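Throughout, numbering of the chain's residues begins at 1 and tracks the sequence. Source: prediction; values computed, not measured.
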Amino acid sequence: MKKKDKKKEKITYIDDGRSLSDLSGRKPAPSYRDSGTSSRFSDIWHTYWGAVRMMFLPMLAVIGCLIVLFIILKLVFWLA
């Protein structure tokens, strides 16, 4: 006996007009190959540096907490 294959129901999505923003007037991003400029490295560097700047203060807070925790545990085990 062969098993009968069940057909998957095709899902149809209905556009109800709700979106985060209207993208109808948006121009496509320029292609680096077409423009002849080599600003790709510059864009990547600015993106990386922006992420590093954003995470700098939280990183210092975590490192500070780890140092305080290390000092507390060092004192607890040194006195015991």
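Under a hydrophobic clustering in which Ile, Leu, Val, Met, Phe, Trp and Tyr are joined whenever their side-chain heavy atoms come within less than 4.5 Å, directly or via other members, Met54 and Leu60 fall into different clusters. Both Ile63 and Ile71 are part of a single hydrophobic cluster, where members link through side-chain heavy atoms under 4.5 Å apart.
Ring geometry for Tyr48 against Trp45 counts as tilted: the plane angle lies between 30° and 60°, on a 0 to 90° scale.
Counting heavy atoms from C-beta on, the side chains of Phe56 and Met59 come closer than 4.5 Å.
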